[in-house]
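Have a look at the structure below, then the notes.
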Amino acid sequence: QPVAMSAPERAFYEYVTETIREYALERDVNAPFLLAMPQRQVASCPAALLRSWQESKRDEDDGDFRAMYDADDEQAPGRRPLRDTLVANVPFTIKIEDLEHNATKYRCLRDLLRDAFAAEPQEKFIIVTTFRTTAKYLVRRLEQDGIPAILVWGNANISKYDTIAE
């Protein structure tokens, strides 16, 4: 079932969308192309994306759409790459605490898992997400809410099959 965004989530989504549109217009770049992946990541989990920006992670965990952010390799002097523009201009009214407190998709998932575990305490679930930032966010939040969770993704030192079997 569709889950509507909360007001803070919507504000962050609109910020990302408008900033990318302005960025594209200034550089005569195709805005829908630049918008596609960032909008998907914001829609996946706004709090996870903002947290990753605040932590200034620019390693493989942030590789979800780093290439999209840095597509404008030949910068004119004084111009920032897209990712840096987005990170530097987040309005002070958009706060990670508000996004986490009003995380509509997360609340639906948490409630669904609580109900499922109440009915079948030994059941296991696999949650698949496109973005590593979302996966890390979900594990942290689920554990905070007393729901055991482990993180499994490709290129790990431990076999995902061994982890799942545990």
Side-chain angles (χ1 to χ4, degrees), residues 1-110 112 126-144 149-157 160:
Q1 73 185 24
V3 178
M5 289 182 176
S6 65
E9 291 172 323
R10 172 62 57 193
F12 186 52
Y13 183 89
E14 289 172 0
Y15 160 73
V16 169
T17 299
E18 288 309 310
T19 302
I20 292 173
R21 284 183 179 148
E22 290 171 15
Y23 182 94
L25 184 64
E26 290 171 3
R27 289 161 180 77
D28 196 28
V29 177
N30 184 310
F33 175 76
L34 287 180
L35 280 167
M37 193 60 70
Q39 283 181 328
R40 284 186 57 213
Q41 193 165 15
V42 175
S44 173
C45 187
L49 180 58
L50 184 57
R51 182 172 297 284
S52 76
W53 288 358
Q54 288 178 342
E55 293 172 354
S56 297
K57 287 190 138 193
R58 201 171 163 93
D59 57 12
E60 63 275 356
D61 288 352
D62 207 18
D64 295 329
F65 62 102
R66 181 177 25 177
M68 296 291 291
Y69 282 132
D70 297 336
D72 194 10
D73 288 336
E74 296 181 23
Q75 295 288 318
R79 283 193 177 173
R80 292 179 167 163
L82 177 55
R83 181 189 187 281
D84 294 347
T85 300
L86 287 164
V87 172
N89 296 303
V90 175
F92 71 92
T93 56
I94 297 175
K95 296 181 174 35
I96 187 70
E97 298 82 16
D98 294 339
L99 290 172
E100 287 195 1
H101 181 72
N102 295 287
T104 55
K105 284 185 177 181
Y106 172 74
R107 279 197 311 250
C108 288
L109 174 64
R110 180 201 58 205
L112 180 127
I126 298 174
I127 301 168
V128 179
T129 181
T130 303
F131 304 105
R132 289 182 176 200
T133 53
T134 300
K136 291 179 357 180
Y137 170 85
L138 289 174
V139 167
R140 181 178 60 80
R141 291 290 308 269
L142 289 169
E143 288 180 345
Q144 285 175 348
I150 54 174
L151 183 61
V152 178
W153 63 41
N155 298 330
N157 293 334
K160 61 185 171 188

Less than 3.5 Å apart, any donor N or O on the side chain of Ser44 or Thr134 sitting next to an acceptor on the other? yes
Across all chains, not counting sequence neighbours, the salt bridge (Lys or Arg N to Asp or Glu O under 4.0 Å) partners of Arg10 are none
Those residues at least two apart in sequence (or on a different chain) that pass ring-ring contact (aromatic ring centres under 6.0 Å, His included) with Tyr137 are none
Practice problem: Please check if the side chain of Thr133 supplies one atom and the backbone of Ala48 the other of a donor-acceptor pair under 3.5 Å. | Solution: no
One should read off an interatomic distance between Leu142 CG and Arg140 CZ, to the nearest 0.5 angstrom, of 10.5 Å
Closest heavy-atom pair, Tyr23 versus Leu82, reported as atoms and distance to 0.1 Å, is OH-N, 3.1 Å
Applying side chain to side chain donor-acceptor pair (under 3.5 Å) to Arg110 and not counting sequence neighbours gives none
Sorted by chain and number, sequence neighbours left out, side chain to side chain donor-acceptor pair (under 3.5 Å) with Thr19 holds for none
Rounded to the nearest 0.5 angstrom, the CG-CD distance for Leu50 and Glu100 is 9.0 Å
Taken to the nearest 0.5 Å, the spacing of Ile20 CD1 from Leu25 CG works out to 13.5 Å
Hey, does the side chain of Tyr106 reach the backbone of Arg141 with a donor-acceptor pair shorter than 3.5 angstrom? yes
Side chain proximity check, Phe12 to Met5, heavy atoms < 4.5 angstrom
no
Sorted by chain and residue number, the side chain to side chain donor-acceptor pair (under 3.5 Å) partners of Thr17 (sequence neighbours excluded) come out as Gln39
Check: Between Glu9 and Lys105, does at least one N-O distance fall below 4.0 Å, as a salt bridge requires?
Finding: no
message = Is any side-chain heavy atom of Tyr15 closer than 4.5 Å to one of Pro91?
response = yes
Sequence neighbours excluded, the answer for side chain to side chain donor-acceptor pair (under 3.5 Å) partners of Glu18 is Arg21
Ser6 and Asn102 have their tightest heavy-atom pair at OG-O, 2.9 Å
Next on the checklist: With heavy-atom distances below 4.5 Å as the criterion, would you say the side chains of Pro46 and Leu49 are in contact?
Outcome noted: no
Interatomic distance, OG1@Thr130 vs CZ@Arg40, rounded to 0.5 Å, equals 5.0 Å
Distance col, row Ser52:OG vs Arg83:CZ, nearest 0.5 angstrom, shows 6.5 Å
Notebook entry, point to check: Are Asp98 and Ile94 close enough that some pair of their side-chain heavy atoms sits under 4.5 Å apart?
Noted result: no
Separation between CG (Leu34) and CZ (Arg27), nearest 0.5 Å, reads 9.5 Å
